[in-house]
Amino acid sequence: IMGDAGGLVPNVIRWMKQINIATLSDQELSDFINRQEKFSTNGEWEVAVFDFTQLQKNSSPAAESLIVAVIETQHSKLFIKMTGSMEAVMGNIKQFRELVHSIRPESSNG
């Protein structure tokens, strides 16, 4: 699909590699993708939030981690990514979700 930076599965795999998460089986990867939080922004865009801390249960709080929101707009996908230590990412997930939820299209009123 044009405009989605390679597709969802390749993106998830790339993000996992960026934070040194071992490759998952196809079933584990599918399960991880399917259990991620989904909601709509204030602008009514569909969002899926990929919380990679879920795959790092045995990691140090200092391990690099990330959370990514994929927002489906009418014409494209937006990727919003928060990176940092697992401790920092987990400590800011609520604020990250609030930020993503608040995103809406630019008003055409000026």
Side-chain angles (χ1 to χ4, degrees):
I1 298 173
M2 202 167 151
D4 68 356
L8 182 60
V9 171
N11 277 312
V12 169
I13 292 169
R14 184 175 63 248
W15 295 325
M16 288 171 51
K17 288 179 181 176
Q18 289 174 357
I19 57 172
N20 300 312
I21 293 177
T23 304
L24 301 176
S25 71
D26 289 346
Q27 185 62 53
E28 290 170 325
L29 184 60
S30 178
D31 290 347
F32 171 71
I33 290 170
N34 289 330
R35 74 173 175 258
Q36 298 311 295
E37 178 182 12
K38 294 170 181 67
F39 58 89
S40 295
T41 68
N42 285 341
E44 301 306 313
W45 288 331
E46 295 301 311
V47 179
V49 176
F50 295 87
D51 179 357
F52 291 89
T53 66
Q54 296 172 0
L55 300 174
Q56 297 177 294
K57 300 283 188 227
N58 298 322
S59 297
S60 158
E64 188 176 356
S65 192
L66 64 98
I67 185 170
V68 180
V70 179
I71 302 173
E72 301 265 351
T73 72
Q74 287 181 324
H75 305 290
S76 63
K77 288 186 182 178
L78 303 174
F79 298 88
I80 302 174
K81 184 172 158 183
M82 177 176 62
T83 63
S85 69
M86 195 165 76
E87 181 177 44
V89 169
M90 291 177 77
N92 288 288
I93 286 175
K94 181 179 182 228
Q95 294 89 334
F96 179 83
R97 285 186 180 111
E98 289 171 358
L99 169 72
V100 171
H101 193 272
S102 73
I103 295 172
R104 60 181 155 270
E106 184 177 22
S107 171
S108 59
N109 294 339

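What's counted below: heavy atoms across the whole structure, side chains too, no hydrogens, waters or symmetry copies. All values derive from a computational prediction rather than experimental measurement.
Identified under the side chain to side chain donor-acceptor pair (under 3.5 Å) test for residues 18-28, with sequence neighbours left out: Q18-K81, S25-E28, Q27-D31.
You'll find the side chain of T53 reaches within 4.5 Å of the side chain of Q56, heavy atoms only.
F32 and D51 get closest at one heavy-atom pair: CE1-O, 3.6 Å. Closest approach of E46 and S40 over heavy atoms only: OE2-OG, 2.9 Å. Shortest non-hydrogen contact noted between S85 and A62 is CB-O, 3.9 Å. Across all non-hydrogen atoms, the minimal contact from M82 to I93 is CE-N, 4.2 Å. When every heavy atom of A63 is checked against every heavy atom of S59, the shortest pair comes out as CB-CB, 3.9 Å. Residue I80 comes nearest to F96 through the heavy atom pair O-CZ, 3.4 Å, listed as atom of the first residue, atom of the second, then distance.
In this structure, the side chain to side chain contact (heavy atoms under 4.5 Å, CB included) partners of L29, at least two apart in sequence or on a different chain, are V9, V12, I13, M16, L24, I33.
In the hydrophobic cluster analysis, where Ile, Leu, Val, Met, Phe, Trp and Tyr join through side-chain heavy atoms closer than 4.5 angstrom, F39 is grouped together with I67. No chain of hydrophobic side-chain contacts below 4.5 Å, direct or via other Ile, Leu, Val, Met, Phe, Trp or Tyr residues, connects V89 to L55. Note: the hydrophobic cluster containing M86 does not contain I21 (ILVMFWY, side chain heavy atoms under 4.5 Å, direct or indirect links). Both V70 and L66 sit in one connected hydrophobic cluster of ILVMFWY residues. Membership requires side-chain heavy atoms under 4.5 Å apart, directly or through other members. Residues V47 and L8 are members of separate hydrophobic clusters, defined by side-chain heavy-atom contacts under 4.5 angstrom among Ile, Leu, Val, Met, Phe, Trp and Tyr.
With rounding to the nearest 0.5 Å, the separation of CD in E72 from OG1 in T41 is 11.5 Å. Distance CZ/R97 to CD/E37: 4.0 Å, rounded to 0.5 Å. Atom-to-atom distance recorded for S60:OG and E87:CD is 8.5 Å, nearest 0.5 angstrom.
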Could you walk me through whether N11 and V68 pass the side-chain contact (heavy atoms from CB on, under 4.5 Å) check? CA-CA 10 Å; N11 277 312; V68 180; over 6 Å; no
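W15 and F52 have perpendicular rings, their planes meeting at more than 60° on a 0 to 90° scale where under 30° would count as parallel.
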